[in-house]
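Atom set for the values below is all heavy atoms of this structure, side chains included, hydrogens, waters and symmetry mates excluded. Chain letters run A, B, ... following the sequence lines, proteins first, then strands; residues in each count from 1.
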2 protein chains.
Amino acid sequence: MPDTSRQIAAAIGRLTLYWRAASWQTVAERGLNPAQAEILGHLARRGPARQVSLAAALGVSAASLSDSVASLLAKGLVARHPDPKDGRAVRVALTETGAALQAALPEAPAPLLSALDDLPETEAGAALRALSMLIRALQEARAIPVQRLCVTCTYFQPYRHDDAAAPHHCGFVDAAFGDAALRIDCADHEDTTEERRAAIAARLAAVG
Amino acid sequence: MPDTSRQIAAAIGRLTLYWRAASWQTVAERGLNPAQAEILGHLARRGPARQVSLAAALGVSAASLSDSVASLLAKGLVARHPDPKDGRAVRVALTETGAALQAALPEAPAPLLSALDDLPETEAGAALRALSMLIRALQEARAIPVQRLCVTCTYFQPYRHDDAAAPHHCGFVDAAFGDAALRIDCADHEDTTEERRAAIAARLAAVG
DNA sequence: CCGAAATAATTAGGAATCCTATTTATTGGA
DNA sequence: TCCAATAAATAGGATTCCTAATTATTTCGG
């Protein structure tokens, strides 16, 4: 009866519209468009990548991606290098100009960040935790490519501590942390086994 | 330090990519594209609308919207009627065909809904509550147009009851409910005053 | 009551995404 | 060695999406 899933989906849909619209604004004044900005962002976060994996990451066809990369190439923001391991493939990397431009782009629309900052920390922690579980589930269902979430990381030890404010532990930085510090895209991420991912998910669900 | 806002924003960004990509798939087989599907969806939920408000709701320019409406018009899925109240304006409405097609479209990508269904109810409730507050804040900041949220509704009485599972009350259906039954887009919504919206937000934040 | 400013929509012009299908080159297994 | 699979580019086309300009209408100040 509560229909919670549909309402959450509606909220995500609403935010999607906002994200795209806001993205146009912030990005257009730098001569880009949302698709190009997303490519730059992905390259900045994850480093050089093959086009095929970029296409998968951004959820567009390889042909579309090729179009967009060609645009960026013409602007001198990315470069193509042959992949030494595979003669068919090409690796796309940011140029210095591209990296500088990317660094100047906001990570998210300012009003969204400020709205998020106004959420109480427990509220934000709960949201982040739920979104982590959601993205993990989508990844598990092969609906989205592999992400770099705490909840799928070797270093993540949920509920190792008794401290309610910081029950989890990160083995990489060797520190305790709480839901509000969960990561969606952590540079130090190391994928763990399927078994352990499932165990972590079960543990989080049990406590939630 | 926790950087929670950025991580949540990253999650929303990731879901945005997924939403658009998934939308293409489900919608393309019906001869539509995401923009057109969103127009049909909005008309189905909210009824006939002027183009200017459709454009605002979907976050595109009036010119873009005009393009998309022309496409839908050519397919016979919507009709334009002159607005009796304003000779400049046009009201766009679903045709019978359009309504039938829209009804057959999934509200959200199936893997997303099933991932959401797998969230524990408390987790989902917390997420919905946080997303409600987030969308309310964006609306208050004039970043998005007015939505039909419980938390901005005349009928919403937060924490009227002692029952932890169903503390809120809806004056329209005269029933108690919990976070998991909060609505993002409620057909029975009636906008309340700015003062009361602020009071509700403060109350929710205090408890959260 | 009239003119100016604002508003709703369309049109013009153009760039770029995005699709599917096809082609080319390369890889890797049988 | 041969053949299927893969990576990318290309072809072709529909459509979104933008800004700017145009037309019609409404609203509001004087």
Sugar-phosphate only, base, or nothing, as touched by A/S61 at under 4.0 Å among non-hydrogen atoms: base
Nucleotide-resolved protein contact map, nucleotides 4-14 of chain C, B/S/- at heavy-atom distance under 4.0 Å: --BBSSBB---
Nearest-Å distance, [atom1] ([X]) to [atom2] ([N])?
| X | N | atom1 | atom2 | result |
| --- | --- | --- | --- | --- |
| A/L77 | C/dA16 | CG | P | 12 Å |
| B/E29 | C/dT20 | CD | P | 11 Å |
| B/N33 | C/dT20 | CG | C1' | 15 Å |
| A/K85 | C/dT26 | NZ | C1' | 16 Å |

Centroid-centroid under 6.0 Å between B/H169 and B/F177 rings: no
Phosphate OP1/OP2 of C/dT17: any A/S68 side-chain N/O under 4.0 Å: yes
side-chain N/O B/Q25 vs C/dC19 OP1/OP2, d < 4.0 Å: no
A/E96, CD atom: more than 12 neighbouring heavy atoms under 6.0 Å: no
Atom CZ of B/R6: over 12 foreign heavy atoms under 6.0 Å: no
Donor-acceptor contact present, side-chain A/R20 to main-chain A/T16, <3.5 Å: no
Side-chain (B/R183) to main-chain (B/H189) donor-acceptor, under 3.5 angstrom: no
Positive for side-chain contact (heavy atoms from CB on, under 4.5 Å) with B/I8, one of A/L113, A/I184, A/L128: A/L128
Mutual orientation of the aromatic rings belonging to B/F156 and B/H168 [parallel < 30°, tilted 30-60°, perpendicular > 60°]: tilted
Full working for salt bridge (charged side-chain N to carboxylate O under 4.0 Å, His left out) between A/K85 and A/D83: CA-CA 5 Å; A/K85 297 196 205 111; A/D83 187 327; 5.4 Å; no
Along DNA chain C (nearest heavy atom to each residue), the more 5'-positioned of A/G87 and A/V60: A/V60
Spatial distance of atom OG1 (A/T26) from atom CD (A/E29) [nearest 0.5 Å]: 7.0 Å
Terminal contacting nucleotides, 5' and 3', DNA chain D versus chain B (heavy atom, 4.0 Å): D/dT15 to D/dT26
